[in-house]
Structure formats: C-alpha cells, structure tokens
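Here's the structure we're looking at; comments come further down.
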Amino acid sequence: MKLKIIFFILTLLCIGCTKDPQIQAAYDLIERVTPGYGQQFKLELIEPVNGEDAYEIASADGKILLRGNNTVSLATAYNQYLKYTCNAHVSWFGNQLDLPEQLPLPEKVIKNTINGKYRVYMNYCTVSYTASWWDWERWQKELDYMAMNSINMPLSVVGLEAVWYNTLLKYNFTDEEARAFLAGPGHFAWQWMQNLQSYGGPLPKSWIDSHAELGKKVINRQLELGMQPIQQGFSGYVPRELKNKYPDAKIQLQPSWCGFTGAAQLDPTDSLFSAFGRDFLEEEKKLFGAHGVYAADPFHESRPPIDTPEYLSAVGNSIYKLFQDFDPSATWAMQAWSLREPIVKAVPKEHLLILDLNGGRSRQENTCWGYPVVAGNLHNFGGRINLHGDLRLLASNQYAVAKQKSPNVCGSGLFMESIEQNPVYYDLAFEMPLHADEVDIEEWLGNYAERRYGAASENAHKAWLHLLEGPYRPGTNGTERSSIIAARPALNVKKSGPNAGLGIPYSPLLVIQAQGLLLKDADKLNASTPYRFDVVDIQRQLMSNLGQAIHKKAAEAFVKKDKAAFTLHSNRFLEMLRDVDVLLRTRPEFNFDKWLTDARSWGTTNEEKDLLEKDATALVTVWGADGDPLIFDYSWREWTGLIDSYYLKRWEKFYAMLQEHLDEGKEYSEKGLPMTHGREAFRANDFYSELGDWELEFVSRINKARTPITQGDEIGTALKMYKKYATLAREYYQDEMKADNIQEGDIFENLGE
C-alpha cells in the first residue's frame with residue numbers, strides 16, 4: 001500500500017514538472033536547428049492579442065525569453081531572435097549559424113502579432129516539382145522551417161497514394177489494377193488535381209507502404225507543431241476503369257488534358273458519390289487521422305457535364321454534405337483557380353475557405369462574395385531556375401492591401417509550384433505577415449545580406465541593390481522568362497517552355513555588376529554557405545543571360561551564310577553550356593544527378609529504381625503525355641547534369657544540322673512550321689521529329705546520374721567563370737553599355753585586371 005502511495009505521489013510530481021506539449025515541441029525544434037542551445041531559452045505561453053497569433057522576445061533570469069500563444073508563434077519568435085539579435089540565417093541552401101557559445105540577450109523587449117488567421121503553404125505542384133523524392137530528414141527540416149516562418153496551414157498529401165490504393169481495393173480493384181491507376185510520384189500533383197492517371201506507373205507497393213509511413217510522420221509533426229493540415233477531400237475524380245465496374249453510375253470521361261487521356265469524373269449527384277467519397281475519407285482517417293480541413297476542387301481545369309446554376313449548386317451541396325456527414329466541423333478548402341459561384345454559395349461561409357493562389361481575386365474589392373479568402377502568391381512555375389520576383393511588391397504588404405479592400409481576407413499563402421529557388425524572395429515573403437505596414441526594401445536588403453553572409457559588407461549591400469533594380473524589379477513576379485539554355489533549339493527561339501518567352505526584363509549589366517561586387521568580398525564572406533550558393537546562382541544567371549546574345553549572333557551568322565562567324569558564336573554558346581554545368585556542379589541544389597539519385601533511392605529492386613528514374617526524368621524534360629508530349633519543357637531547369645546530358649546535346653545536334661546546311665549550301669527555314677504554345681511543335685519538321693525520338697529515348701535511359709554528385713569549389717569556380725564571361729560581355733553588350741552610359745571600368749573594376 002505504501003509503495004502504491006509513493007508511486008502515486010511521484011507520478012503527480014512528474015506530471016507537474018512536465019512541459020506543456022506546445023512548449024516542448026518548440027524546445028525540440030530549437031534543439032534540431034541549433035543543437036545544444038535549448039537550455040539558454042525560456043519559453044512561455046501567452047494569450048492571443050486581439051484574436052491574432054502573437055509572440056514576444058525578451059530576457060529573464062539570464063536566458064532568452066520567448067513567449068507565444070502557440071508553438072508556431074514560439075518558433076516564429078525563435079527565428080526572429082536568430083535573425084535580428086544573432087544576425088543568423090536559416091535557409092534552404094545552407095545555414096549561416098555562426099553563434100557564440102553563450103547567446104546574446106535581446107537588447108529590448110519585442111512584442112508583435114502575426115497577420116491573418118491562416119498562413120497557408122504549398123499547393124499540389126510544390127510537392128511533385130520539389131518534394132517528390134524527399135525523405136523524413138528533408139521533410140523534418142522543411143516542417144521546422146515552416147514553423148519558424150509562421151506557417152500554420154500546410155497542404156498535407158504525403159502518402160495519399162495509400163488512401164487511393166486501400167479505397168480501390170474496396171471497390172473490386174485488384175492490387176495490379178489499383179497500382180496501375182496510380183501515377184509516378186513526380187506526377188502525383190496532377191493526379192490529385194484530377195487531370196490524369198497512370199502515367200509513370202504502375203506504382204510499386206513498396207512506395208505505397210513507405211510513403212504511408214512517411215505521411216504519418218509528416219502529419220504528426222505538423223500537429224505537434226500546432227499546425228492545421230489541409231488534407232485531401234473528394235469531389236468525384238475516379239479511375240476510368242470504375243465505369244466498367246459500375247456501369248450504372250454517372251461516370252463521365254473528361255476531354256484530353258495537356259496530352260493526357262481525359263480522366264473520369266463521378267457525378268457528385270450520383271448515389272455512388274457519397275459511398276465512394278465516405279470510404280475514401282474513412283481510409284484517409286485510418287492512416288493519418290481526420291483533422292478538419294479538406295481540399296476539393298470540383299471540375300478543376302475541366303468542364304462540368306451540365307453547366308447550369310442549379311446543377312452546380314447541387315454539386316456544391318453534395319460535396320459539402322459529404323464532408324459534414326463525415327466531420328460536422330469540417331472546413332472545405334477550395335482553390336480559386338476554377339471557382340464557380342453556384343458551388344461556392346451552396347456552402348455556408350463558416351465551412352468554406354477559398355485559396356486565392358495567385359492573389360488575383362484578392363486584389364478586387366469585396367472579393368469572393370464575402371467568403372473567407374487567403375490572399376496568395378504564385379511566384380514560381382514548374383521549378384524553373386531563374387532569378388526573378390517583384391521585391392517591392394512583396395514589401396508593399398499585399399495582405400494588408402487586400403484586407404483593406406476585402407475584410408473577408410483572413411490570411412496569406414505561398415502557393416508556388418516549386419520551392420528551392422530565389423531565396424531572397426521567400427525570406428521576405430515569409431517575413432511579411434510580421435509587418436503591419438510596408439517594408440523599406442533597401443534597408444531590408446542590407447540586413448538580409450549581413451545575416452545571410454555573417455558579416456557586414458557594403459559591397460554585398462550594393463550588389464543586392466543592383467539585383468533589386470534587375471531581376472527583382474517591378475513586373476518580374478509570376479511566370480518566369482524563358483531560358484536559352486533550356487530552350488528546344490531553333491534559329492528564332494521563342495521560349496523554353498509553354499509559358500513566357502525569352503527576353504531579359506532588365507539590363508543584364510546589373511547582374512554582372514552585382515556579381516563583381518559580391519566576389520570582391522569573397523575572402524570576407526566565404527565562410528557562409530548561403531554566400532557560396534548565391535555567387536553560383538548569380539553567376540548562372542549572368543551566363544544564361546549572355547547566352548541569349550551569343551545565340552542571336554550565331555543565328556544571324558547562319559542567315560548571312562557567314563561560316564566563320566557561325567562557328568565562332570555557336571562554339572562559344574556550346575562552351576558556355578559546358579561551363580554552366582561545371583559551375584552548378586559545385587552545389588547539390590540545382591543538380592539533376594542528385595534528383596535522379598534521390599528518386600532511385602526509394603526503389604527496392606532495380607526494376608523499381610529504373611521506373612522512378614524514368615518518372616523523375618520525364619517531369620523535367622518531356623513533362624509527360626499519353627503519346628507525344630504537348631507541354632514539353634514545362635519544368636525546364638538550369639541544372640547541372642541536365643545541361644550536360646540533355647540541353648547541351650540538343651544544341652549540339654541543332655548546330656551540327658545548321659553547319660551541314662551551310663556546308664552543303666542548303667536552305668533551312670522555320671517559317672510556317674506547326675506550333676504549340678507559341679513554339680515549334682514536338683515534331684514540327686524532320687529535325688524536330690528525330691530530336692523527339694532522342695528525347696523520349698533519353699527519358700527511358702537508366703543510371704544517368706554522375707558521381708560524385710558535387711565537384712569543385714564554388715567560389716573559385718564562380719570567380720573563374722565571372723572573369724571569363726564578364727570579359728566576353730564587353731563584346732556582346734556594347735549596345736546596352738552605350739544605352740545605359742556605362743563605362744567598361746564600371747563593370748570590370750572587380751576583375752583584378
């Protein structure tokens with residue numbers, strides 16, 4: 001009896017000393033990011049301020065005191081302390097965490113609120129274009145990064161393939177049929193968005209099992225950090241094969257989408273809809289729990305079978321009823337991409353959240369009929385690598401502006417199709433919910449450079465001001481301009497993918513000047529990993545920009561039948577591609593070899609590894625289709641490995657063909673060729689047809705990754721390339737220099753000449 005009493009007392013004491021789970025989660029995050037420093041922090045919970053998340057940074061009893069109303073607020077306080085007290089920096093591209101053994105105490109008390117009830121992160125494309133092959137270690141870093149940057153509502157669809165697999169087995173699908181329906185991981189986004197099925201499959205069972213476990217870890221950590229995950233709902237997308245198994249159900253085959261056979265849509269007003277949808281949600285709940293917010297986008301990028309207000313209202317009511325019957329407190333999250341008013345208005349306002357991906361609707365007065373709206377930014381498409389983004393627009397505080405126009409705007413979101421590019425843009429975007437007003441962008445960039453590089457540098461600050469007036473000037477938000485490197489070769493290259501064309505919307509001299517200034521302080525800043533990344537990334541842009549001018553000269557020489565000039569400029573262009581590949585290989589981020597290696601790592605047999613490599617390759621080259629690709633090069637990327645083995649080879653073939661025409665005195669013209677999305681079609685002529693065969697064969701080739709994945713020193717390689725190509729710019733940018741009244745010494749002062 002005495003032992004029981006003692007045990008009971010010890011249990012009560014233990015319970016009394018246990019930290020609140022929200023506080024413990026924040027301590028755990030601190031230890032993951034800065035191991036060994038957790039004991040120097042004291043964390044406390046506070047109440048929200050005027051209904052908004054809030055945090056405080058102060059000191060108490062010789063420790064850094066962080067206070068917040070939840071774990072995300074505490075993590076935000078921690079990140080702000082690192083940034084503005086320790087002059088430190090956490091990044092996708094390496095951290096600058098040169099911290100003293102004893103951390104400095106804050107000089108003053110900081111109290112702040114975080115704008116908006118919701119800070120939403122990722123869309124489906126983000127997961128495929130960037131995170132297809134992430135393991136738990138990489139996801140864990142991103143989840144901490146989200147919390148530190150105030151994200152409280154992430155999309156959570158890792159492992160969704162297991163939900164589909166389990167559901168289909170209930171509906172008379174065999175293992176083989178269910179796996180054949182599922183696409184490859186690189187193309188999950190468009191399957192979850194109801195656009196395609198099967199491409200890149202059949203999905204291995206080992207992948208389904210491993211990612212069900214990974215998905216559990218991801219969503220459990222999101223919950224631990226106090227986030228509200230957005231889970232997958234159901235709006236009627238089903239396998240085409242379901243029509244054969246349930247011939248009486250209203251299942252319509254959709255038209256072709258981007259070269260893919262149309263997907264199937266189960267009519268939400270059909271009786272099978274509620275049964276199938278409920279089973280789907282129950283299977284999701286079994287695996288990952290049910291957490292209250294469910295994404296559904298009926299008729300996404302497609303047309304309803306009956307386009308009348310009455311029918312669409314019935315659709316909205318049916319989907320809403322499905323969610324309510326499953327979870328009475330459910331919130332339906334709907335993208336504004338394919339918004340239809342009757343569907344929206346069938347749902348009570350308190351049960352719908354509209355995600356305005358590109359912020360277009362949020363710029364309107366009294367938007368979205370008074371329904372709760374998240375004002376979004378859609379900065380990157382397809383994972384394309386290009387310096388761009390309107391920093392002044394970000395600094396103007398888009399959320400505050402949208403909120404003033406529409407009081408129903410209740411949060412902000414980052415809905416880029418891919419991350420791991422343009423770190424300066426995202427550093428500011430993540431920070432903006434912490435500001436009530438606009439930000440002085442010139443001053444902010446000076447602070448950014450200092451904490452990113454770990455030391456004050458007037459040259460670095462000047463460099464970023466040049467970039468502010470260049471790649472990050474007004475008008476550079478949204479779709480990236482094309483890349484000459486990644487463009488399918490042509491005399492008159494229109495674009496490198498199906499979207500924006502070529503052209504540089506700023507003076508390319510600004511990038512040259514910025515790079516010279518950054519490299520001037522290399523000895524002072526080279527201990528910073530983010531600095532090493534930046535000099536590689538900016539040098540890549542410098543060379544890519546210059547490539548447009550070089551190829552233009554080669555094309556002009558061909559038209560004039562000037563063999564010597566054609567040889568000179570075409571060889572320079574090809575040499576530039578080889579040099580960019582060497583430059584980028586110094587880093588793991590823009591790296592096709594790593595992308596393929598990560599993809600293959602998930603296979604448990606050679607057959608599975610080969611299948612995953614093929615899917616990973618297709619996404620960033622031909623993109624995909626059930627036949628010849630239509631939106632090929634959508635996900636073009638200036639990546640090492642991809643340049644050397646794919647883009648360079650295409651250009652070599654093209655220049656060789658032109659050289660043959662010159663040698664034989666034959667004409668070559670691109671006038672009147674079949675076009676798609678503003679550029680020559682996949683098989684526009686004999687050359688492109690032969691090239692298309694080679695491109696498709698490249699996708700199927702296995703074991704393409706080179707070893708080692710990285711090679712060379714970033715700064716030494718960047719400096720070498722800078723001297724070579726800044727010097728070459730003298731020849732190609734004469735007109736720009738005259739127009740801008742720039743003297744050679746203004747650019748070449750940093751070449752050590």
Side-chain angles (χ1 to χ4, degrees), residues 83-84 87-89 91 93 96 98 386-395 422-428 431 438-476 504-546 714-715 718-723 725-727 729-730 733 736-737 739-753:
K83 289 169 73 170
Y84 291 106
N87 202 41
H89 181 73
S91 165
F93 307 109
Q96 191 287 106
D98 184 17
N386 178 285
L387 296 185
H388 77 109
D390 190 340
L391 292 182
R392 294 187 187 278
L393 178 63
L394 272 184
N422 287 289
V424 66
Y425 184 90
Y426 291 94
D427 198 281
L428 179 58
E431 190 179 296
E438 63 183 58
V439 168
D440 183 329
I441 187 60
E442 288 87 356
E443 179 184 353
W444 187 90
L445 281 172
N447 293 329
Y448 171 81
E450 184 171 347
R451 65 175 178 268
R452 185 164 171 83
Y453 303 149
S457 165
E458 186 61 28
N459 284 322
H461 190 190
K462 287 180 181 177
W464 277 104
L465 293 179
H466 282 309
L467 294 172
L468 175 65
E469 300 310 316
Y472 298 107
R473 70 183 303 174
T476 57
I504 304 167
Y506 53 87
S507 170
L509 300 173
L510 290 165
V511 176
I512 298 175
Q513 291 171 297
Q515 180 72 336
L517 288 164
L518 276 181
L519 289 170
K520 197 171 186 179
D521 278 358
D523 290 343
K524 183 179 183 181
L525 307 177
N526 64 15
S528 163
T529 301
Y531 170 79
R532 290 177 168 270
F533 171 85
D534 283 353
V535 296
V536 169
D537 192 21
I538 295 167
Q539 182 64 33
R540 172 204 55 74
Q541 193 66 55
L542 184 161
M543 294 165 73
S544 180
N545 288 348
L546 185 58
E714 303 101 306
I715 295 176
L719 183 59
K720 177 183 175 182
M721 298 299 181
Y722 173 76
K723 289 181 177 180
Y725 287 96
T727 301
R730 288 170 166 162
Y733 289 151
E736 285 87 349
M737 292 174 69
D740 294 343
N741 196 27
I742 293 176
Q743 303 300 313
E744 285 193 0
D746 295 335
I747 295 180
F748 303 109
E749 62 173 339
N750 301 321
L751 286 174
E753 298 178 352

Atom of Y725, atom of Q539 and distance for their closest heavy-atom approach: CB-NE2, 4.4 Å
Side-chain donor-acceptor contact under 3.5 Å, N545 with Q541: yes
Least distance between heavy atoms, N87 atom then Q96 atom: O-NE2, 2.9 Å
Stepwise side-chain contact (heavy atoms from CB on, under 4.5 Å) check, Y506 with V511: CA-CA 9 Å; Y506 53 87; V511 176; 3.6 Å; yes
Value rounded to 0.5 Å, distance of CG in L542 from CG in L387: 10.0 Å
Distance (rounded to the nearest 0.5 Å) between R730 CZ and M737 CE: 8.0 Å
Lys/Arg-Asp/Glu bridge criterion (N-O < 4.0 Å) met for R392, E469: yes
Nearest heavy atoms of P474 and D390, plus distance in Å: CA-OD2, 3.1 Å
Atom pair CG (L719) and CD (Q515), whose distance is rounded to the nearest 0.5 Å: 9.0 Å
From CG (L519) to CG (N459), nearest 0.5 Å: 10.5 Å
More than 12 heavy atoms from other groups under 6.0 Å of NZ on K524: yes
Check: D521/Y531 side-chain N/O donor and acceptor closer than 3.5 Å: no
Mutual orientation of the aromatic rings belonging to Y448 and H89 [parallel < 30°, tilted 30-60°, perpendicular > 60°]: perpendicular
S457 to A460 - nearest heavy-atom pair and separation: OG-N, 2.9 Å
salt_bridge(R452, D534) N-O dist < 4.0 Å: yes
Distance, nearest 0.5 Å, that separates CG of N386 from CD1 of I504: 9.5 Å
Minimum heavy-atom distance between T476 and H388, given as atom pair plus value: O-ND1, 2.8 Å
Close side-chain approach of L525 and V535, heavy atoms under 4.5 Å: no
Sub-4.5 Å side-chain heavy-atom contact between F93 and D537: no
Test log, rule side-chain contact (heavy atoms from CB on, under 4.5 Å), inputs L517 and E458: CA-CA 9 Å; L517 288 164; E458 186 61 28; over 6 Å; no
Criterion side-chain contact (heavy atoms from CB on, under 4.5 Å) on L467 and V424, from CA distance to verdict: CA-CA 10 Å; L467 294 172; V424 66; over 6 Å; no
Pair V439-E431, side-chain contact (heavy atoms from CB on, under 4.5 Å): steps then yes or no: CA-CA 10 Å; V439 168; E431 190 179 296; 5.5 Å; no
I441 and L394, any side-chain heavy atoms less than 4.5 Å apart: no
Backbone N/O of L509 and side chain of H466: donor-acceptor pair under 3.5 Å: no
Heavy-atom pair of closest approach, residues L518 and A463: CG-CB, 3.8 Å
Interatomic distance, F533 atom CZ to I538 atom CD1 [nearest 0.5 angstrom]: 9.0 Å
